[in-house]
Q: 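This structure is in structure tokens; I'll ask about it shortly.
The basis for the numbers below is simple: all heavy atoms, side chains too, and nothing from hydrogens, waters or symmetry mates. We number each residue from 1, following the sequence as shown.
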Amino acid sequence: AACVLAAILPIVVATVRAVASDWIAIGDNAFFGLRAADVLTEHHPWLGLWSSASVVTGLDVNHPGPLLFDLLAIPVRIGGPDAGVAVGIGLLNIACVVGIAIVARRQAGLAGVVTAMAAAAALGWALGSELLYEPWQPHSLLFPTLCVLFLLWALACGDVAILPWAVATASLIMQTHGGYLAIVPLLGAAAVAAGGVRLWRSWQAGGDAWPALRRRAGRSVVVALVVGLVAWSQPVAEQVAGEGRGNLERIVSSVGDAGATVGVGHAPRYVAEVVALPPWWGRPSISESFTPGAALPSRATSLVALAVVGALLVAGWAIARRRGDSSGAWAAASGATLVVVALLATGTMPIGAFANIAAHQVRWLWPVSVFVSFAIVASLLGLLRREARRWLVVGTAALAGAFAALNLPYSNPAVGPAADADAIETVRELRPQLAPLADERGVLIDTTGERFAEPYTFPVMVELERLGVPWFVADPALARQVGTSRAHDGQASSRLYLREGDAAREVPAGAERVAFVEGLSDAEAGELDETQARLRSFIADGGLVLRSGSSTVEVTPAQLRDADYLFASRALVELVTDGALDVPARWAASLDRYVELQRGADFLTVAVFVEPLRTT
């Protein structure tokens, strides 16, 4: 019980801290509050969010289903689109931790619970406190994914009562993020096959226990079928009765159109990065692995490391089987299957226009790695004498507590929408200024010219919704995000758009600036000017030296001495951020401070403009 509470406590603390500090969902996080509030309204979501895979395939597709919106609907109705989302995701993660504990108790007793809770607490620590309530799918699905791995382990052990819960959790995961459409069905098929073999052996053996087991298995299968039908009813309804080409058909037809993929040869390098090589699933891997410019391990190193992991799992399977520990043996077998399936799934990942896949495409590698670690420990317990096993369990319990304690302080790995956490204060100032728009008959939100993944437009949509202002979008991909019922068809009378940085400070002809937030205080603006002035002579004297091959920004030697160019183009910001410059230590602090102030001036300064909608 103490270990369960230890795994849950960081989630509770982080969520309460977010609500108490008036956390605001920004960027893609804001979509979840918006669409959860749409449930059972005229804008009811029948699908998940628009998928970035559309960019690669050239065909607009959404993630398969809206189950996460459905789960968040009640918390959002009660707590609003910000606090409600945070509480809803926090509760989902807590439910998954409790589910893992129940499964571990059923399969491996109290020692299994302790080991499983250490694994759950470790995953929470790897994420950092501020991702424990974030709704963005690559992060909000990690605890459900760890839970479904434990559920599938239980199925492989022959626990047929788990089947409906496995179907429900797997459906949530696959509907919310299409990146799981390969790995979850493969793992599910393997677990169901293993469980089916155990049932067949029980039938072959006969005996008094078989009739009861048959009835229990039959009930579980029937309930699982009902759960599956209910879970997938909305995507199927959209496919059958929706306008145009259905989303499920789009997904199926786009398979194979993703262009270049990672391939079997390179897949071990990605899997080993998290599963087999330090720091494995721990910090700071969540913020450093698979980032642009980050080096992957060599193929040889990766294969050797994965072979070591495989050897440990095989040894654990053999030891557990020899001592009659069925759950330990199946944990090792499940872990080995996970590694193989992870290699296959990673090999099919599209790389698009980049040399590497993005971290969010393979975030599931973290719960996979955590479960593999659990499987190794659970299966190798047989190597120890009884007293030594007791002490190992005590040590594992202490480890769960340590992970929990380390995850109580604020920790933001700055990945995904959490990377823009500084923009929350800007949004807090911006939203009240939108009140004069409450009388608008209809607003067309135009995102043309906006920075990719800027954090402001979607919170503005949420605020317009709160004000009761009808709003629409013209971009087809964006309409698939916010609901095709919001596609513009001449309903709006005004055009609304956002601008950041210098563009926010000037009002275009014919437009009205209805909201404006300056990212820097007067003192900070003065400090930025002083810092630039101080750096000018240093730059002109050739103080900036470029490290070979360490930046994505291309600058000539002459440009490295041209302060006006470096400041105006923001090239200096990128060079410093990439760590591409070799400069004397006495100038490092000035450059870092310049980057901090310039980013505030550029990305924390925002304005909302409105102008009459011109029709032709």
Q: What is the minimum heavy-atom distance between A25 and P459, and which atoms define it?
A: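 So the minimum-distance heavy-atom pair works out to O-CG, 3.7 Å.
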Q: Using modelled atom types and a 3.5 Å cut-off, is there a donor and acceptor pairing between side-chain atoms of Q361 and backbone atoms of P350?
A: yes
Q: Is the terminal nitrogen or CZ of R495 (NZ for Lys, CZ for Arg) located under 6.0 angstrom from the six-membered ring centre of Y497 and within 45° of that ring's axis?
A: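 Yes - R495 lies over the ring of Y497, closer than 6.0 Å to its centre and within 45° of its axis.
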Q: Would you please test R536 and F567 for side chain to side chain contact (heavy atoms under 4.5 Å, CB included) and show each step?
A: CA-CA 10 Å; R536 282 184 181 277; F567 291 149; 3.8 Å; yes
Q: Should the pair Y133 and W23 be assigned to parallel (<30°), tilted (30 to 60°) or perpendicular (>60°) ring geometry?
A: perpendicular
Q: Is there a donor-acceptor pair under 3.5 Å between the side chain of E454 and the backbone N or O of R451?
A: no
Q: How about V460 and V427: do any of their side-chain heavy atoms sit closer than 4.5 Å?
A: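 Sidechains of V427 and V460: no contact.
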Q: What are the two closest heavy atoms between H360 and W136, and how far apart are they?
A: CB-CH2, 3.7 Å
Q: Checking L68 against I89 for the side chain to side chain contact (heavy atoms under 4.5 Å, CB included) test, could you report, in this order, the C-alpha distance in whole Å, the side-chain angles of both residues, the deciding distance, and whether it holds?
A: CA-CA 9 Å; L68 185 58; I89 296 299; 4.1 Å; yes
Q: Under a 3.5 Å distance rule, please check whether R299 uses its side chain to pair with a backbone N or O of G265 as donor and acceptor.
A: yes
Q: Just do the side chain to side chain contact (heavy atoms under 4.5 Å, CB included) check on D446 and L496 with the steps written out, would you?
A: CA-CA 6 Å; D446 186 356; L496 179 150; over 6 Å; no
Q: Under 4.5 Å between any side-chain heavy atoms of W364 and I173, yes or no?
A: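 No, every pair of side-chain atoms sits at 4.5 Å or beyond.
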Q: Sub-3.5 Å donor-acceptor pair from the side chain of S129 to the main-chain atoms of A14, do we have one?
A: no
Q: For residues I286 and A126, report the shortest heavy-atom separation together with the two atoms involved.
A: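 Heavy atoms only, the tightest pair is CG2-O, 3.3 Å.
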Q: Could you state the interatomic distance from CZ (F538) to CG (L591), rounded to the nearest 0.5 Å?
A: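 If I round to the nearest 0.5 Å, the distance is 6.0 Å.
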Q: With a 3.5 Å distance limit and no angle check, can you tell me whether R593 reaches the backbone of T531 through a side-chain donor-acceptor pair?
A: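 No; judged by distance alone, with no hydrogens or angles, the pair does not exist.
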Q: Is a side-chain donor-acceptor pair under 3.5 Å present for Q137 with T176?
A: no
Q: Distance from T348 atom OG1 to L343 atom CG, nearest 0.5 Å?
A: 11.0 Å
Q: Could R499 and F609 be counted as a cation-pi pair, given that NZ or CZ must be under 6.0 Å from the ring centre and within 45° of the axis?
A: no
Q: Using atom types as modelled and distance alone, determine if a side-chain donor or acceptor of E524 lies under 3.5 Å from a backbone N or O of S521.
A: yes
Q: With a cut-off of under 6.0 Å to the ring centre and 45° to the axis, is R513 in cation-pi contact with F516?
A: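 Yes, R513 sits over the ring of F516.
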Q: Verify the distance criterion only: is there a donor paired with an acceptor across the side chains of S54 and S51 at less than 3.5 Å?
A: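 Absent: no donor and acceptor within the cut-off.
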Q: Rounded to the nearest 0.5 Å, what separation is found between the CZ atom of R283 and the CZ atom of F403?
A: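 Atom-to-atom, R283:CZ and F403:CZ are 10.0 Å apart.
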Q: Between R599 and D602 (salt bridge meaning N to carboxylate O under 4.0 Å), is one present in this structure?
A: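 No.
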Q: Looking at CZ of R269 and CG of L277, how far apart are the two atoms once the value is rounded to the nearest 0.5 Å?
A: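 Going from CZ on R269 over to CG on L277, the span is 11.5 Å.
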Q: Just so I know, are the side chains of L464 and M461 near enough to count as touching, which here means a heavy-atom distance under 4.5 Å?
A: no
Q: Keeping S287 on the side-chain end and P284 on the backbone end, is there a donor-acceptor pair under 3.5 Å?
A: yes
Q: Does the plane of the ring in Y270 sit parallel, tilted or perpendicular to the ring in F290? Use 30° and 60° as the thresholds.
A: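 Correct class here is tilted.
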Q: Assess, by modelled atom type and distance only, whether the side chains of S373 and W281 contain a donor and an acceptor separated by less than 3.5 Å.
A: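 Judged by distance alone, the side chains do pair up.
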Q: I'd like to know if the side chain of T301 reaches the main chain of P297, judged simply by a donor and an acceptor atom lying under 3.5 Å from each other, with no hydrogens or angles considered.
A: no
Q: Are the side chains of S590 and L535 in contact, using a 4.5 Å heavy-atom criterion?
A: yes
Q: For residues L546 and A580, report the shortest heavy-atom separation together with the two atoms involved.
A: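 Minimum heavy-atom contact is CD1-O, 3.4 Å.
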Q: Is any side-chain heavy atom of L604 closer than 4.5 Å to one of V517?
A: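 No - every pair of side-chain heavy atoms lies 4.5 Å or more apart.
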Q: Taking the basic N atoms (NZ, or NE/NH1/NH2) and the acidic carboxylate oxygens, is any pair closer than 4.0 Å for R431 and D82?
A: yes
Q: Side chain of R561, backbone of I539: donor and acceptor closer than 3.5 Å?
A: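 Flag not set: sc R561 to bb I539 has no pair under 3.5 Å.
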Q: Taking atom types as modelled, is there a side-chain donor on W366 or T145 under 3.5 Å from an acceptor on the other?
A: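 Per modelled atom types, W366 and T145 side chains form no pair under 3.5 Å.
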Q: F31 vs F458 aromatic rings, parallel, tilted or perpendicular, using cut-offs 30° and 60°?
A: tilted
Q: Rounded to the nearest 0.5 Å, how far does CG of L478 lie from NE2 of H488?
A: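 Here the interatomic distance stands at 13.0 Å.
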Q: If you apply the rule salt bridge (charged side-chain N to carboxylate O under 4.0 Å, His left out), what do you find for D22 with R17, and how did you get there?
A: CA-CA 9 Å; D22 194 20; R17 183 167 54 217; over 6 Å; no
Q: What's the verdict on side chain to side chain contact (heavy atoms under 4.5 Å, CB included) for V473 and T447, showing C-alpha distance, side-chain angles and the deciding distance?
A: CA-CA 8 Å; V473 296; T447 58; over 6 Å; no
Q: Do any N or O atoms from the side chain of E506 and from the backbone of D502 form a donor-acceptor pair under 3.5 angstrom?
A: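 Not confirmed, E506 side chain does not pair with D502 backbone.
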Q: Can you tell me how far apart CG (D475) and CZ (R480) are? Round to the nearest 0.5 Å.
A: 11.5 Å
Q: Go through the side-chain N and O atoms of E450 and T457 and say whether any donor and acceptor fall under 3.5 Å apart.
A: yes
Q: Flag the pair L181 / I251 as yes when at least one side-chain heavy-atom distance between them is below 4.5 Å, and no otherwise.
A: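 Of all side-chain heavy-atom pairs linking I251 with L181, at least one is under 4.5 Å.
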Q: Between D60 and R250 (salt bridge meaning N to carboxylate O under 4.0 Å), is one present in this structure?
A: no
Q: I'd like to check E463 versus L467 (side-chain heavy atoms, cut-off strictly below 4.5 Å). Are they in contact?
A: yes
Q: Specify the closest pair of heavy atoms between N412 and A421, including all atoms of both residues, with the distance to one decimal.
A: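 Shortest heavy-atom separation between N412 and A421 comes out as ND2-CB, 3.6 Å.
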Q: Is any side-chain heavy atom of L141 less than 4.5 Å from a side-chain heavy atom of Y180?
A: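 Heavy-atom side-chain distance check passes, below 4.5 Å.
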Q: Looking only at heavy atoms, what is the nearest atom pair of L566 and L560, with distance?
A: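 Smallest interatomic distance, heavy atoms only, reads CD1-O, 3.7 Å.
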